[in-house]
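What you are looking at is a predicted structure, and each value in this text was computed from that prediction instead of being measured.
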Amino acid sequence: RAKERGKGSYAIFTQAMHHQVRQQLQLETDLRYALKRQELILNYQPIISMTTNRIVGCEALLRWEHKTFGCVSPAKFIPIAEETGLICPLGDWVIEQACIQAKQWESIYQDLPPFISVNLATKQLTQAGIVETIKEILEATKCSPELIKFELTETAIAESTEVAVTTLRKIKDLGIRLCIDDFGTGHSSLSRLSCFPIDTLKIDRSFIKGINASEHQTKIAYAIVKLAQSLGMETIAEGIENLEQFCQLKSWGCELAQGFLMAEPIASETFQEVLNQNLIYPMEC
Ligand code: C2E
Ligand code: MG
Ligand code: MG
Ligand code: MG
């Protein structure tokens, strides 16, 4: 009997596995055409200043509207893009779209044009000709480089070779600002951190979640803000979902805030509507 049951659960297991593998393969195939089929778009999640409570920028987040699966999460397709190398053409497209958008907003909102933060995969950093590509995109779109930030993972820094270090310096020389994403979850060493021309540390959502809930997480979030301050870097907190988290971070001197408490990632037209309202977020601490 036990043997039978064992056999049965094995069958269910393989069926589920089979389904998953098939879907994975399907996504891999379809991702190659997603760009051409115009199934990819960028959404923008507002980033606000903790001093003025106004929008000062946003993060560009990729969305894939698949013809049969519907909206596929970047958590699912970015790893596929990285494994297959598709991340490079995809990433170029993201940078170009972000620059076109930044330029457009720059001409509409001249007094306070929002910056756009763009996620850069580790592979993109070592892609041949990446600096030239970025330079060409900036020239073609006429976008001010100060309006663009690149978000790198800690792993990109930890694993990075001399080539990547040089590349980051060249990107920085173009006038683009650099940010470390999901800070505190990777393996970057503090001594290496100061070797890179980094402007901003982005505290990972897991620590923000723990603020006032876990003493341990709260201490880490606090330590990251203070570390950034002592290195002359700015801090941004991602994943702020309640006012307690916001006010705690603000009291420590964190400069920028991003999270569902303010806004979710939204389409560019919606983002523009929000900008037009010239909103001051009602965050009373
Ligand atoms: P990330 O760069 O750390 O982006 C922040 C993620 O946190 C986004 O998920 C955003 O929707 C989510 N988030 C923001 N605020 C909150 C909050 O208050 N609560 C919760 N629960 N979540 C919040 P998303 O859009 O699903 O993106 C997931 C990841 O996919 C990104 O993490 C990034 O690593 C990757 N990704 C997205 N777009 C791109 C891209 O264009 N290029 C590359 N290389 N990676 C991308
Ligand atoms: Mg990011
Ligand atoms: Mg992040
Ligand atoms: Mg994250």
Inset, instruction - Evaluate whether atom NZ of K67 has more than 12 neighbouring non-hydrogen atoms of other residues, nucleotides or ligands under 6.0 angstrom away. - result: yes
Legend entry - Pair Q20, Q23: side-chain N/O donor-acceptor within cut-off below 3.5 Å: no
Inset, instruction - Check whether more than 12 heavy atoms from other residues, nucleotides or ligands sit under 6.0 Å from atom NZ of K209, and answer yes or no. - result: no
Inset, instruction - Kindly indicate whether the side chain of E238, heavy atoms from C-beta on, has any atom under 4.5 Å from the side chain of D204. - result: yes
Legend entry - Joint hydrophobic cluster, V118 plus I130, side-chain heavy atoms closer than 4.5 Å: yes
Inset, instruction - Give a yes or no on whether the backbone of D181 and the side-chain of E151 come within a donor-acceptor separation of less than 3.5 Å. - result: no
Legend entry - Any donor-acceptor pair under 3.5 Å from Q229 side chain to W252 backbone: yes
Legend entry - Connected via hydrophobic side-chain network under 4.5 Å: F183 and L231: yes
Legend entry - Heavy-atom donor-acceptor pair, S144 side chain to E146 backbone, under 3.5 Å: no
Legend entry - Shared hydrophobic cluster for I240 and I236 (ILVMFWY, side-chain gaps under 4.5 Å): no
Inset, instruction - Consider only side-chain heavy atoms of I, L, V, M, F, W and Y, link residues closer than 4.5 Å, and tell whether I78 and F150 are in one cluster. - result: yes
Legend entry - Exceeds 12 heavy-atom contacts within 6.0 angstrom, atom OH of Y281: yes
Inset, instruction - Hey, can you tell me if F271 and Y44 have their rings parallel, tilted or perpendicular (30° and 60° cut-offs)? - result: tilted
Inset, instruction - Answer yes when R177 and E234 have at least one side-chain N-carboxylate O distance shorter than 4.0 Å, and no when they do not. - result: no
Inset, instruction - State whether the SG distance for the cysteine pair C285/C247 is less than 2.5 Å. - result: yes
Inset, instruction - Kindly assign one of parallel, tilted or perpendicular to the pair F77 and W64, based on the angle between their ring planes and the thresholds 30° and 60°. - result: perpendicular
Legend entry - Any P74 side-chain heavy atom under 4.5 Å of R63 side chain: yes
Inset, instruction - For residues W105 and I116, determine if any side-chain heavy atom of one lies less than 4.5 Å from a side-chain heavy atom of the other. - result: yes
Legend entry - Sidechain-backbone polar pair: E154 side chain, G186 backbone, donor-acceptor under 3.5 Å: yes
Inset, instruction - Say whether N119 and E59, considering side chains only, have a donor N or O and an acceptor N or O under 3.5 Å apart. - result: yes
Legend entry - Side-chain donor/acceptor of E255 to backbone N/O of M50, under 3.5 Å: no
Legend entry - K219 atom NZ, over 12 foreign heavy atoms within 6.0 Å: no
Inset, instruction - Check whether any side-chain heavy atom of L178 lies under 4.5 Å from a side-chain heavy atom of P197, and answer yes or no. - result: yes
Legend entry - Other residues, nucleotides, ligands: >12 heavy atoms within 6.0 Å of K103 NZ: yes
Inset, instruction - Check whether more than 12 heavy atoms from other residues, nucleotides or ligands sit under 6.0 Å from atom CD of Q277, and answer yes or no. - result: yes
